[in-house]
2 protein chains.
Amino acid sequence: MEEKKYTKYSNIRINYKLWMSSETGDAIIDDDKWQLLIAIQKHGSLKAGSDIMEISYRKAWGDLKKIEEILGFNIIEKHRGGKAGGVTYLTEDGNKLIQNYIEFRAEFQDAVDLIIRKFKKRLKD
Amino acid sequence: MEEKKYTKYSNIRINYKLWMSSETGDAIIDDDKWQLLIAIQKHGSLKAGSDIMEISYRKAWGDLKKIEEILGFNIIEKHRGGKAGGVTYLTEDGNKLIQNYIEFRAEFQDAVDLIIRKFKKRLKD
DNA sequence: ATACGTTAGGAATTAAGGTTCATATCAGTG
DNA sequence: CACTGATATGAACCTTAATTCCTAACGTAT
């Protein structure tokens with residue numbers, strides 16, 4: 001049977017975080033916000049989105065407000081009142097933005113996972 | 001003359017953060033700590049390192065302490081007193097660790113910059 | 001023996017974000 | 001027309017991390 005090879009680095013993990021920002025560095029979209037937007041898209045409300053993401057409504061609302069300020073265009077359209085109490089849905093720009101982010105994120109992840117695997121393999125020697 | 005093409009995403013930047021951690025997720029090395037270690041290596045003291053990195057000595061000291069606790073082996077060796085008041089230098093393990101990090105970081109960056117460029121180019125269309 | 005500059009580390013303070021709270025607004029429904 | 005549930009937003013509160021503050025220990029040089 002094979003002996004598991006032990007090295008000083010055997011318990012090391014590589015992590016990364018990816019996000020979009022404006023040129024001035026203000027954060028726009030990261031994984032959390034991207035998931036929040038998807039949850040909103042799926043459920044039609046900011047409240048549902050924040051519940052799913054397990055963050056406060058206040059934060060979700062504030063985050064999106066800031067994002068739109070920075071971007072300079074609207075990615076969601078919100079309405080209060082009505083049948084459901086209120087609704088929020090993504091604008092065309094919003095949909096495009098997360099679509100771009102999703103594609104990019106996937107490519108990024110593929111590329112990065114490859115080199116991480118390569119690196120970890122080398123660590124074993 | 002060429003008109004600069006303007007798009008909704010023209011002012012978007014891609015950012016990423018990379019770090020090593022233990023399997024339990026505790027942070028070990030990120031860019032700041034890696035630079036701190038290099039500064040220590042270069043100047044022979046934790047104090048000099050923290051000054052260069054513009055963080056408090058207390059934080060640098062605490063960070064390294066935590067890192068070594070998590071790793072389970074020493075990456076620096078510290079001595080107080082003496083000619084310079086005290087010295088700190090990297091152990092062989094410490095040198096290996098940052099060497100690995102540096103190599104990995106460079107590869108990571110190359111791979112990632114490539115796909116970021118590709119992505120930004122696509123955004124323009 | 002005193003001075004100097006660094007390591008060592010507990011304790012208090014400050015800063016930054018997020019959460020909670022409170023209150024208002026809105027539009028469809030019973 | 002009261003009721004409901006979501007959006008809107010300031011303000012107070014909480015949590016966690018980092019900075020500042022202090023005091024001590026150490027070893028070489030003067």
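Quick note on labels: first sequence line is chain A, next is B, and so on, each numbered from 1. On a predicted model such as this, the values are computed, not experimentally measured, just so you know.
- Counting heavy atoms from C-beta outward, A:I116 and B:F104 have side chains that approach closer than 4.5 Å.
- Listed by residue number, B:G81, B:G82, B:K83 are the residues of residues 81-89 of chain B with a heavy-atom contact under 4.0 Å to DNA chain D.
- For B:R117, the side chain to side chain contact (heavy atoms under 4.5 Å, CB included) partners are B:D113, B:L114, not counting sequence neighbours.
- With a 4.5 Å cut-off on side-chain heavy atoms, B:N15 and A:M20 do not count as touching.
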Detail all sub-3.5 Å separations between protein N/O atoms and N/O atoms belonging to nucleotides 19-24 of chain C.
from, atom 1, to, atom 2, distance (Å)
C:dT19, OP2, A:S56, OG, 3.3

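- Under the side chain to side chain contact (heavy atoms under 4.5 Å, CB included) criterion, B:T88 pairs with B:I40, B:L46, B:I76, B:K78, sequence neighbours left out.
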Distance-only check: which donor-acceptor pairs under 3.5 Å involve side-chain atoms of residues 57-66 of chain B, not counting sequence neighbours?
from, atom 1, to, atom 2, distance (Å)
B:K59, NZ, B:D63, OD2, 2.9

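- You can see that DNA chain D meets the heavy atoms of chain B within a 4.0 Å-exclusive cut from D:dA18 to D:dT28, reading 5' to 3'.
- Residues of residues 32-49 of chain A having a heavy atom closer than 4.0 Å to DNA chain D, listed by number: A:S45, A:L46, A:K47.
- Taking Ile, Leu, Val, Met, Phe, Trp and Tyr as members and joining any whose side-chain heavy atoms lie under 4.5 Å apart, directly or through other members, the hydrophobic cluster of B:Y89 also contains B:V87.
- Applying the side-chain hydrogen bond (donor to acceptor under 3.5 Å, both in side chains) definition to pairs two or more places apart or across chains, those involving residues 33-43 of chain B are B:Q41-B:N95.
- Remark: A:E107 pairs with B:I115, B:K118, B:R122 by the side chain to side chain contact (heavy atoms under 4.5 Å, CB included) rule, at least two apart or across chains.
- Side-chain contact between B:Y16 and A:V112: absent, with no pair of heavy atoms (C-beta onward) separated by less than 4.5 Å.
- Residues passing the side chain to side chain contact (heavy atoms under 4.5 Å, CB included) test with A:D51, sequence neighbours excluded: A:K47.
- Under the salt bridge (Lys or Arg N to Asp or Glu O under 4.0 Å) criterion, B:D31 pairs with B:R105, sequence neighbours left out.
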